Amino acid sequence: MAAPEERELSQEQTEKLLQFQDLTGIESMDQCRQTLQQHNWNIEAAVQDRLNEQEGVPSVFNTTPNRPLQVNTADHRVYSYVVSRPQPRGLLGWGYYLIMLPFRITYYTLLDIFRFAVRFIRPDPRSRVTDPVGDVVSFIQLFEEKYGRIHPVFYQGTYSQALNDAKQELRFLLVYLHGEDHQDSDDFCRNTLCIPEVTHFLNSRMLFWACSTNKPEGFRVSQALRENTYPFLAMIMLKDRRMTVVGRLEGLIQPQDLINQLTFIIEANQTYLVSERLEREERNQTQVLRQQQDEAYLASLRADQEKERKKKEKQEQKRREEEEAQLKQMLEERKKRNLEEEKERKSECLPAEPVPDHPDNVKIIFKMPNGTRVERRFLFTQSLSVIHDFLFSLKETPEKFQIVTNFPRRVLPCLPSEEIPVPPTLQEAGLSQSQLLFVQDLTDD
């Protein structure tokens, strides 16, 4: 059932899922997805709650019970460098040490008993993280007020944000946990961390995140990294696709020793970052190549679609032209058939040709548009429309025509019009017994 749910995730949710898995080290993708869904895909809230829950503190964001922490600290290959406190020297030093030893044991024993008893009365307020960014900013302000502004550039964000940026930028992340109550913290900050050589080295080689363990954000990180003493420094980087602690420095370390130890850790693990950069470049090149292939495919697909569209348009145009031609031919054939029927009807309605010796006989010779001559006899008393009907019934006569005399040239009114509703007779038209008339084709007009 898990696979279909993963396919339904958006690209942004998938990226958050993979990022959350890298930050927390949880191998179960279902567990990562369930946690993010309970936090409405707020990766910052989810990672913060993961740290809160290690100590059994109820979740601020109503998440599921305890789970492992986000950074891989179980790697047995982690480089560890611990600076022990200097042993007493001379008789006076050992005497002072032995005198103060019972008092130290009594003080720290009572302090531990007191803290243990307080936990039963009220939970440690540091166990609940409500404003992680505020905790970091507050520590930076207090640090500058006490030690000045010459210090490494602090990452002004949460621990999980620093991890994410270090992962994205493929950089080392140095985490400093400040124990305010420890006797060596002040000396380390003043005489090691704020030295210009150390500041320049840290700023140029890595991201630097720091917070006080008295703050909830610093306390939860200390629970994750499990420091033994202060000052405490942890070097974290992307290793085997997981954010991993690759170096731990504990105790009051001197400036040059700090630079040497960090340089050793960087050089010992630089190959992992180089390998990851090469893999990213290869993935990016593969992605670019795939994108280019997709664009080429889409361009080819659009070209094929355009070609198919033009082909269909051409076929559709050809089909319309064929339909129009068929329709035109059908109309012409119908028109021709109607014309033939009309000619035949006019021919049947024509009066019979008069005999040659009829006293009102008129002999008319028609010169056709094609140059042929047609001869027929009519009566003076017949209308000019009879002449028109006779010519119309002939096959060689065009559909539209007019009859014209030559001398004087005039058009005979053979058809009714507004000016002459009833066509005149041959005699009224002034025709002689033998007459030559011209038939003019008006079809084009």
Side-chain angles (χ1 to χ4, degrees), residues 71-73 75-87 136 139-140 142-157 159 162-163 165-180 182-213 218 221-222 224-239 243-277:
V71 176
N72 180 19
T73 59
D75 193 340
H76 299 292
R77 296 169 295 176
V78 175
Y79 176 79
S80 181
Y81 182 79
V82 180
V83 180
S84 301
R85 292 191 58 79
Q87 297 293 332
V136 175
F139 167 73
I140 296 174
L142 293 175
F143 187 95
E144 291 182 344
E145 291 175 1
K146 188 172 184 179
Y147 304 109
R149 294 183 174 274
I150 300 177
H151 57 73
V153 176
F154 291 107
Y155 185 94
Q156 298 195 20
Y159 175 62
L163 288 174
D165 283 356
K167 177 187 175 184
Q168 297 299 325
E169 299 174 13
L170 293 178
R171 299 182 64 184
F172 288 95
L173 172 65
L174 183 63
V175 175
Y176 168 59
L177 294 179
H178 182 75
E180 294 184 4
H182 196 274
Q183 55 188 343
D184 293 332
S185 295
D186 185 74
D187 189 4
F188 174 76
C189 293
R190 194 177 306 277
N191 299 319
T192 298
L193 201 57
C194 294
I195 297 301
E197 291 80 1
V198 174
T199 299
H200 175 74
F201 177 81
L202 297 182
N203 292 342
S204 61
R205 303 293 292 273
M206 62 199 71
L207 296 177
F208 184 64
W209 185 89
C211 192
S212 170
T213 54
V221 177
S222 72
L225 299 181
R226 301 184 181 93
E227 77 281 7
N228 298 314
T229 185
Y230 299 97
F232 174 78
L233 296 164
M235 183 73 87
I236 303 175
M237 60 170 290
L238 182 64
K239 182 179 180 181
M243 296 304 289
T244 306
V245 176
V246 294
R248 298 167 60 94
L249 305 179
E250 299 179 87
L252 182 58
I253 187 171
Q254 298 304 311
Q256 190 57 47
D257 196 13
L258 174 62
I259 294 175
N260 293 338
Q261 296 299 325
L262 292 178
T263 302
F264 175 80
I265 296 173
I266 291 174
E267 292 176 351
N269 295 276
Q270 189 69 36
T271 54
Y272 294 101
L273 291 184
V274 173
S275 176
E276 181 62 29
R277 289 192 184 96

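These values consider heavy atoms only, across backbone and side chains, with no hydrogens, waters or symmetry-generated copies. Quantities reported herein were computed from a predicted structural model and do not represent experimental measurements.
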Discussion item. As a quick check of understanding, evaluate side-chain contact (heavy atoms from CB on, under 4.5 Å) for V175 and V245, giving each step before the final call.
Written reply: CA-CA 10 Å; V175 175; V245 176; over 6 Å; no
Item to complete: Decide yes or no on side-chain contact (heavy atoms from CB on, under 4.5 Å) for M235 and I266, but give the supporting numbers first.
Response: CA-CA 9 Å; M235 183 73 87; I266 291 174; 4.1 Å; yes
Discussion item. Determine whether F232 and R226 satisfy the following criterion, side-chain contact (heavy atoms from CB on, under 4.5 Å), listing intermediate values before the conclusion.
Written reply: CA-CA 10 Å; F232 174 78; R226 301 184 181 93; over 6 Å; no
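Taking the six-membered ring for Trp and thresholds of 30 and 60 degrees, Y176 and F139 have ring planes inclined between 30 and 60 degrees apart.
Across every non-hydrogen atom of R190 and I195, the tightest pair is O-CD1, 4.5 Å. Taking each heavy atom of A166 and M243 in turn, the nearest pair found is CB-CE, 4.1 Å. Closest approach of P231 to L252, counting heavy atoms only: CD-N, 3.8 Å. Contact between Q261 and Y81 at its shortest, heavy atoms only, is NE2-CE1, 3.4 Å. Nearest heavy-atom pair, P152 versus N203, reported as atom, atom and distance to 0.1 Å: CA-OD1, 3.5 Å.
Note that the CG atom of L238 and the OG1 atom of T244 stand 7.5 Å from one another [nearest 0.5 Å]. Distance OH/Y147 to SG/C194: 8.0 Å, rounded to 0.5 Å. Rounding to the nearest 0.5 Å gives a distance of 5.0 Å between CZ of R277 and CG of L273. Between the CZ atom of R149 and the CD atom of E144 there is a distance of 4.5 Å, given to the nearest 0.5 Å. Atom NE2 of H151 is separated from atom CD1 of I140 by 7.5 Å, given to the nearest 0.5 angstrom. To the nearest 0.5 Å, the span separating CG on N191 from CD1 on I253 amounts to 14.0 Å.
W209 places a side-chain heavy atom less than 4.5 Å from the side chain of V221. Between L193 and F208, some side-chain heavy-atom pair lies under the 4.5 Å cut-off. The closest side-chain heavy-atom distance from M237 to I265 is not below 4.5 Å. The side-chain heavy atoms of K146 and D186, taken from C-beta on, include a pair separated by under 4.5 Å. By the 4.5 Å heavy-atom criterion applied to side chains, K239 and V246 are counted as neighbours. By the 4.5 Å heavy-atom criterion applied to side chains, E180 and Y230 are not counted as neighbours. Contact of the L173 side chain with the D165 side chain is not registered, since no non-hydrogen atoms from C-beta on lie closer than 4.5 Å. Counting heavy atoms from C-beta on, the side chains of Y155 and V136 never come closer than 4.5 Å.
Counting heavy-atom neighbours within 6.0 Å of I150 CD1, excluding the residue itself, gives a total of 12 or less.
Taking the six-membered ring for Trp and the full ring otherwise, F143 and F154 have centroids separated by under 6.0 Å.
Between the side chain of E250 and the backbone N or O of N228, at least one donor-acceptor pair lies under 3.5 Å. A donor-acceptor contact shorter than 3.5 Å links the side chain of T263 to the backbone of I259. A donor-acceptor contact shorter than 3.5 Å links the side chain of S185 to the backbone of G179.
Annotation: side-chain contact (heavy atoms from CB on, under 4.5 Å) contacts of T192 (sequence neighbours excluded): F188, P255, L258.
Side-chain contact check for Y79 and N269: no donor-acceptor pair (N or O, by modelled atom type) lies under 3.5 Å.
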